[in-house]
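Everything below concerns the one structure shown next.
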2 protein chains.
Amino acid sequence: MDSPTPTEALLSAPPFEAGDFAPLDECERGVIEMFVSAADVLGFPRSLGELYGLAYISPQPIHLAEVCERLQMSKGSASQGLRTLRDLGALKPVYIAGDRRDFFQPEIKIRVLVGRLLAERLRPHLDRSSGALGALQNEADSAVSPQVKKFRQERIEMLGAWQKRISTFLPLLQRILR
Amino acid sequence: MDSPTPTEALLSAPPFEAGDFAPLDECERGVIEMFVSAADVLGFPRSLGELYGLAYISPQPIHLAEVCERLQMSKGSASQGLRTLRDLGALKPVYIAGDRRDFFQPEIKIRVLVGRLLAERLRPHLDRSSGALGALQNEADSAVSPQVKKFRQERIEMLGAWQKRISTFLPLLQRILR
DNA sequence: GCCCGTGTTCAAAAAGGATTGAACTTTCCG
DNA sequence: CGGAAAGTTCAATCCTTTTTGAACACGGGC
């Protein structure tokens with residue numbers, strides 16, 4: 001597989017082994033780039049942005065072999081990435097009769113995407129810290145001086161207020177993103 | 001500075017060189033831990049969480065030497081971290097007459113904090129991608145088949161709608177967080 | 001001028017994540 | 001029962017970010 005005809009070498013420009021899937025065109029690359037950038041903003045690895053981006057701009061459901069070749073990504077990375085996105089609810093499995101491969105379509109309802117994201121990211125943090133807050137209140141009581149004690153109580157109380165605010169804001173956000 | 005009396009050695013437990021500032025107590029550690037966790041959620045380095053957390057729970061403005069010793073952080077890290085947080089608007093410089101050191105207090109208005117964060121993180125991405133969207137529309141026009149062309153136009157249009165939605169949502173968020 | 005306190009810079013080291021690739025499992029089909 | 005196709009797993013590797021530490025700048029005060 002290392003001896004393409006001169007014509008092939010010129011036409012199928014990309015210098016990697018030939019395969020069954022077309023290389024990305026300009027438009028696909030552009031869309032994927034935007035999702036990579038978005039993934040970056042959200043602190044997700046680049047590969048997740050690529051995977052979702054490809055799914056988003058693909059008229060047909062995508063599958064492992066396709067993304068490996070078109071995104072030039074290892075099978076391991078693609079497999080894990082697809083699973084992560086499925087667990088996140090960003091990619092939905094699509095059953096195709098008579099085909100053993102696992103196909104995926106993107107979830108495109110922004111409300112669902114954001115909801116899952118918040119549940120996955122923010123919830124755990126909120127839960128952890130709201131649990132810790134009570135203990136902190138007690139710690140503050142054993143402060144060195146009365147002034148410091150009062151200051152700490154205020155600050156910790158404010159922390160609680162922030163959390164409550166955020167907690168009440170999340171459902172509201174869900175409703176807004178309809 | 002390496003020969004404390006036996007009593008000192010036992011009382012000032014922590015096994016690092018003695019200094020001018022008290023080690024963190026339980027309460028301070030707990031609060032800082034929460035901000036470290038929050039920094040993690042937001043994708044900021046741990047040290048930024050520590051710095052802001054210490055500032056938040058400190059009745060007095062903090063300064064470089066103090067954070068180095070109390071957080072066991074190198075001068076370089078602390079210096080850069082303080083600057084980053086100042087640039088982000090999360091820490092405010094405090095001038096103290098007759099003292100050459102740079103003191104900082106935390107910004108505690110959540111509206112300001114969130115505003116700066118969005119401006120810093122989301123804006124650049126939104127600007128970049130809204131610029132790219134136009135070009136993508138054109139790319140889509142040169143699609144292979146009419147079906148694909150239509151599909152791509154729809155998807156890219158939806159991308160634009162998402163962005164617009166987010167853009168209009170940000171000012172609203174600002175008003176909600178009052 | 002010289003020294004000391006304060007803070008910055010930046011090359012190098014360390015740490016932490018992401019990616020790879022090869023071995024492995026499972027399932028289907030002949 | 002093979003064997004091929006599809007997917008998973010995970011230790012090793014790679015890469016990016018963070019942190020360190022030492023050298024450097026700056027600014028008074030003596």
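Just so we're on the same page: letters track the sequence lines, and every chain starts at 1.
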Expressed as a whole number of angstroms, how long is the span from [X]:[atom1] to [N]:[atom2]?
X: Glu66(A); N: dA6(D); atom1: CD; atom2: P; result: 13 Å
X: Asp40(A); N: dA18(C); atom1: CG; atom2: C1'; result: 13 Å
X: Met73(B); N: dT18(D); atom1: CE; atom2: C1'; result: 11 Å
X: Arg83(A); N: dT19(C); atom1: CZ; atom2: C1'; result: 15 Å
X: Leu82(A); N: dT9(D); atom1: CG; atom2: C1'; result: 15 Å
X: Leu71(A); N: dA18(C); atom1: CG; atom2: P; result: 17 Å
X: Glu69(A); N: dA6(D); atom1: CD; atom2: C1'; result: 16 Å
X: Arg86(A); N: dG7(D); atom1: CZ; atom2: P; result: 11 Å

(Q) Determine whether a donor-acceptor pair (one donor, one acceptor, N or O, separation below 3.5 Å) exists between the side chain of Lys75(A) and the base of dG21(C). (A) no
Q. Donor-acceptor pair under 3.5 Å: do we get one between Arg100(A)'s side chain and the base of dA5(D)?
A. yes
Q. Taking for each residue the nucleotide of DNA chain D with the nearest heavy atom, is it Ser74(B) or Ser79(A) whose nucleotide lies nearer the 5' end?
A.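 It is Ser79(A) whose nearest nucleotide is closer to the 5' end.
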Q) In terms of the nearest nucleotide of DNA chain D, which residue is placed more toward the 5' end: Asp99(A) or Ser77(A)? A)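 Mapping each residue to its closest nucleotide by heavy atoms, the 5'-most match is Asp99(A).
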**Q.** Joint cluster assignment, Ile62(B) & Ile96(B), ILVMFWY side-chain distance < 4.5 Å
**A.** no
Q. Are Val94(B) and Leu82(B) connected in a single hydrophobic cluster, I mean Ile/Leu/Val/Met/Phe/Trp/Tyr linked by side-chain heavy atoms less than 4.5 Å apart?
A. no
Q. DNA chain C: Gln80(B) or Leu64(B), which has the more 5' nearest nucleotide?
A. Leu64(B)
Q: Would you mind telling me which of Phe21(A), Tyr95(A), Phe104(A) makes a ring pair (Phe, Tyr, Trp, His ring centres under 6.0 Å) with His63(A)?
A: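 One option only clears the test, and that one is Phe21(A).
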Q) Got a salt bridge between Arg29(A) and Glu33(A), using NZ or NE/NH1/NH2 to carboxylate O under 4.0 Å? A) no
Q) Centre of Tyr56(A)'s six-membered ring, under 6.0 Å away, within 45 degrees of the axis: is that where NZ or CZ of Arg155(B) sits? A)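 The answer is yes, since Arg155(B) meets both limits relative to Tyr56(A).
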Q) How would you label the contact of Arg101(A) with the nucleic acid (heavy atoms, under 4.0 Å): base, sugar-phosphate, or nothing? A)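 Answer is sugar-phosphate: Arg101(A) comes under 4.0 Å of backbone atoms only.
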